[in-house]
Amino acid sequence: MRGRRSATLVAATVLGLGGLVGIGATPAAADPPGGTLRGVYSDGQFCNSYGSEGVQTGQWSWYYCESRQYGPTAPNFYFLWTFTY
């Protein structure tokens, strides 16, 4: 009996802490007007080369790679936004 109570208490605590972490997380970037998120990359050079290739092949009119860092020691992420006009 006692083991079941402690397991229930541990599970409730873990679920509660998971909710707190989820509440504190930063929201995802919203699509800019007319833009489409094509991918998220860890390398800025690859993001720009892929965006440029899409323009050259006519897949989209223009693009930009938005750099974001979600913490002082976290790595940068590059969001490839494309636009077709």
Side-chain angles (χ1 to χ4, degrees):
M1 246 348 207
R2 198 167 193 187
R4 226 180 249 176
R5 278 191 209 166
S6 55
T8 303
L9 179 62
V10 168
T13 303
V14 168
L15 288 173
L17 289 175
L20 289 176
V21 170
I23 292 170
T26 56
D31 288 1
T36 303
L37 179 62
R38 297 289 176 176
V40 180
Y41 306 100
S42 59
D43 184 88
Q45 185 177 1
F46 180 79
C47 182
N48 281 299
S49 67
Y50 187 65
S52 177
E53 182 180 324
V55 170
Q56 291 172 1
T57 59
Q59 293 177 322
W60 45 78
S61 304
W62 65 280
Y63 75 95
Y64 76 94
C65 292
E66 177 184 9
S67 174
R68 289 204 173 199
Q69 187 176 18
Y70 292 101
T73 59
N76 278 344
F77 291 104
Y78 299 89
F79 294 79
L80 175 60
W81 294 103
T82 63
F83 301 83
T84 303
Y85 298 111

**OP:** Answer yes or no: does atom OH of Y50 have more than 12 heavy-atom neighbours from other residues, nucleotides or ligands under 6.0 Å?
**Re:** no
Original post:
Is the count of non-hydrogen atoms from other residues, nucleotides or ligands lying under 6.0 Å from Q45 atom CD greater than 12?
Top reply: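 Counting neighbours around CD of Q45, 12 or fewer heavy atoms of other residues, nucleotides or ligands fall under 6.0 Å, so no.
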Subject >> S61: side chain to side chain contact (heavy atoms under 4.5 Å, CB included) partners, not counting sequence neighbours >> reply: T84, Y85
Subject >> Criterion side chain to side chain contact (heavy atoms under 4.5 Å, CB included) against N48, the qualifying member of Y41, Y78, Y63 >> reply: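 The single option meeting the side chain to side chain contact (heavy atoms under 4.5 Å, CB included) with N48 is Y63.
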**OP:** Answer yes or no: is there a donor N or O on one side and an acceptor on the other, between the side chain of Q69 and the main chain of A74, under 3.5 Å?
**Re:**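 Yes, Q69 side chain to A74 backbone: donor-acceptor pair under 3.5 Å.
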Subject >> Residue pairs fulfilling disulfide (SG to SG under 2.5 Å) with at least one residue in residues 32-85, sequence neighbours excluded >> reply: C47-C65
Determine whether [X] and [Y] fall in the same hydrophobic cluster, where Ile, Leu, Val, Met, Phe, Trp and Tyr are linked whenever their side-chain heavy atoms lie under 4.5 Å apart.
{"X": "F79", "Y": "V55", "value": "no"}
{"X": "F46", "Y": "W60", "value": "yes"}
{"X": "Y70", "Y": "L80", "value": "no"}

Subject >> Partners passing ring-ring contact (aromatic ring centres under 6.0 Å, His included) against F77 (at least two apart in sequence or in another chain) >> reply: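 F77: no ring-ring contact (aromatic ring centres under 6.0 Å, His included) contacts found.
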Subject >> Interatomic spacing from OG1 in T36 to CD in Q59 - rounded to 0.5 Å >> reply: 12.0 Å
